[in-house]
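From a predicted model like this one, the values you see are computed outputs, not experimental measurements. Proteins get letters first, then strands, A, B, ... in listed order; numbering begins at 1 in each.
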Number of protein chains: 2
Amino acid sequence: MSLDQTDRRILTVLQKQGRISNAELAERVNLSQSACHRRVHRLEKDGYIKDYVALLDPRKLNVPTTVFVEITLSGQADEVLDAFEKAVSRIPDVLECHLMAGTADYILKVVAENTDDFARIHRQHLARLPGVAQMQSSFALRTVFKTTALPV
Amino acid sequence: MSLDQTDRRILTVLQKQGRISNAELAERVNLSQSACHRRVHRLEKDGYIKDYVALLDPRKLNVPTTVFVEITLSGQADEVLDAFEKAVSRIPDVLECHLMAGTADYILKVVAENTDDFARIHRQHLARLPGVAQMQSSFALRTVFKTTALPV
DNA sequence: ACATATAGCGAAAGCTCCTTGCGCGTTTGA
DNA sequence: TCAAACGCGCAAGGAGCTTTCGCTATATGT
C-alpha cells in the first residue's frame with residue numbers, strides 16, 4: 001500500500017497546517033470533501049499520520065537554549081542500555097534520544113532556560129544517569145531553523 | 001504577561017493533542033468554553049503557540065534514518081555564515097540546523113531513507129555547501145524517543 | 001468480455017462547535 | 001473605600017463542518 005501524488009499533497013499540507021478543516025484541505029488538493037475525508041482517514045488509520053500537535057515557541061516558554069549531549073556508556077550490555085534509556089526518557093528537558101553508531105553511544109537533545117539552568121539539569125538528572133562513562137555537552141548559540149516536516 | 005497554571009495546562013494538552021476541540025479542552029482544564037477559548041486565542045495571538053501540525057511517521061515515509069552532521073566552516077565572516085545558512089535551508093532532507101559553540105560550527109539533523117540515500121544527499125547537497133572546511137557525519141542506529149513537547 | 005474492487009463526486013442531514021454578549025464576582029490600585 | 005479592570009460562567013445563535021449514502025467511472029484481473 002503506497003502513496004500517490006494526492007496523498008503526498010495532503011501530507012504536505014497537514015505537516016504545515018495540522019488544524020485545517022477537511023473542507024479547506026479538500027479544496028487545496030482538488031478533491032471532493034468525501035474523497036479527501038476518506039484519504040485522511042486512511043492515512044491516520046495506516047499510521048502515516050501519527051499525531052496532531054501544537055508547536056510552542058521555545059523563547060516564549062523560557063527554554064531558548066538547545067544543548068546536544070554526547071554520551072558514552074561504560075558497557076554495551078542490554079541491561080545497561082535499557083536502564084539508561086529508561087532513566088533518560090523520564091527527564092522532561094530531554095526532547096530526543098538517539099542510539100548512535102561511532103564514537104558516542106547516545107546523543108541527547110536537551111532544552112534549557114540558559115547555561116545555569118543546564119547546569120541544574122546536568123546535576124539533577126544527567127549526572128545521575130546509570131552506566132555513563134563519559135559525557136560531552138555542546139551548546140547551540142542559535143537555532144538557524146527547525147522543522148517537523150519530513151520530505152514527502 | 002505571563003502564564004498561570006491554567007495556561008500551562010492548556011499548553012500541555014495542546015502539545016499532545018493539537019486537534020482537540022475547544023469544548024473538550026475546556027472540560028480537560030476545568031474551564032467554561034468561553035473562558036478556554038479566550039485563553040487559547042490569547043496564547044496564539046501572543047505567540048506562545050506557533051503552529052498546529054501533523055506529525056508523520058518517518059518509517060512509513062521511508063526516512064527512518066537520522067544522521068547528525070557536524071560542520072566546520074573555513075571562516076567566521078558573516079557573509080560566509082549567511083551563504084552557508086541560506087544554502088542549507090534549501091535542503092529538504094535537513095530538518096534542523098544549529099549554530100554551535102565549541103569545536104564544530106554547525107550541527108545539522110538530516111533524515112534519509114538509508115545509508116545509500118544519505119550518500120546521495122551528501123553528494124548532491126551537503127558536499128556543495130559553500131564555505132565548508134570539514135564535515136563529520138554520525139548515524140543514529142535507533143531513535144530511542146523523540147518529542148516536540150517542551151517542558152512547561 | 002465481464003465481474004469486482006477502487007475511488008471519485010454530489011448532496012444532505014444532523015450535529016457539534018465556535019463565537020459573542022451579558023452579568024457577576026474578585027482583584028488591583030488609586 | 002471605591003472604581004476600574006479582569007476573568008469567569010452561562011446561554012444561545014448560527015455557521016460550518018463532518019460523515020454518510022447512492023451513483024458513476026475507471027482500473028484490475030480472471
Side-chain angles (χ1 to χ4, degrees), chain A residues 1-63 113 147-152, chain B residues 1-63 113 147-152:
Chain A
M1 222 241 25
S2 75
L3 303 176
D4 64 15
Q5 210 48 47
T6 304
D7 288 324
R8 293 181 195 281
R9 283 230 298 288
I10 289 175
L11 293 178
T12 302
V13 172
L14 288 180
Q15 275 196 122
K16 289 294 178 192
Q17 302 179 234
R19 244 186 142 155
I20 193 175
S21 73
N22 182 67
E24 191 184 339
L25 177 59
E27 202 167 348
R28 289 272 290 275
V29 300
N30 292 321
L31 276 186
S32 68
Q33 292 189 17
S34 50
C36 184
H37 183 261
R38 271 194 298 271
R39 279 181 182 259
V40 172
H41 216 74
R42 185 175 52 97
L43 291 168
E44 290 169 351
K45 187 171 57 64
D46 292 350
Y48 289 91
I49 299 171
K50 283 205 309 188
D51 263 322
Y52 297 92
V53 303
L55 299 181
L56 309 187
D57 186 333
R59 289 177 186 283
K60 288 278 186 179
L61 271 117
N62 249 304
V63 285
E113 195 179 328
T147 181
T148 56
L150 304 178
V152 5
Chain B
M1 220 242 24
S2 77
L3 303 176
D4 64 15
Q5 210 48 47
T6 303
D7 288 324
R8 293 180 196 281
R9 282 229 299 288
I10 289 175
L11 292 178
T12 302
V13 172
L14 288 179
Q15 275 197 122
K16 288 294 177 191
Q17 303 180 234
R19 247 190 140 153
I20 195 174
S21 72
N22 181 65
E24 192 184 338
L25 177 60
E27 201 166 347
R28 288 274 289 276
V29 301
N30 293 321
L31 276 186
S32 68
Q33 292 188 19
S34 51
C36 183
H37 183 261
R38 273 193 296 266
R39 279 178 184 259
V40 172
H41 216 74
R42 185 176 51 97
L43 291 168
E44 290 169 350
K45 187 172 56 63
D46 291 349
Y48 289 91
I49 299 172
K50 281 205 310 190
D51 262 323
Y52 296 93
V53 303
L55 299 181
L56 308 186
D57 185 334
R59 290 177 187 281
K60 288 279 187 179
L61 271 119
N62 248 304
V63 284
E113 195 177 327
T147 181
T148 57
L150 304 178
V152 5

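One interatomic measurement links the two molecules: CG of A:Asp4 to C1' of D:dT26, which rounds to 14 Å at whole-angstrom precision. With rounding to whole Å, B:Arg38 atom CZ is found 19 Å from C:dC17 atom P. Look at NE2 on A:His37: it is 7 Å from P on D:dT18, rounded to the nearest Å. Regarding A:Arg42, its CZ atom lies at a distance of 10 Å from the C1' atom of C:dA7, rounded to whole Å. We find that CG of A:Asp7 is positioned 11 Å from C1' of C:dA7, with the value rounded to whole Å. To the nearest angstrom, P of C:dT6 lies 14 Å from CZ of A:Arg39.
A:Lys60 places no side-chain N or O within 3.5 Å of a backbone atom of B:Lys50 that could act as its donor or acceptor partner. A:Arg19 places no side-chain N or O within 3.5 Å of a backbone atom of B:Asp51 that could act as its donor or acceptor partner.
Note that CD1 of A:Ile49 and CG of A:Leu14 are 5.0 Å apart. Values are rounded to the nearest 0.5 Å. Atom OG1 in B:Thr6 sits 4.5 Å away from atom CZ in B:Arg39 (nearest 0.5 Å). To the nearest 0.5 Å, atoms OG (B:Ser21) and CZ (B:Arg28) are separated by 10.5 Å. Atom CG of B:Leu3 is separated from atom CZ of B:Arg9 by 13.0 Å, given to the nearest 0.5 angstrom.
Near-neighbour residues of DNA chain D inside residues 20-35 of chain A, defined by a heavy atom below 4.0 Å, number-ordered: A:Ser21, A:Asn22, A:Ala23, A:Gln33, A:Ser34.
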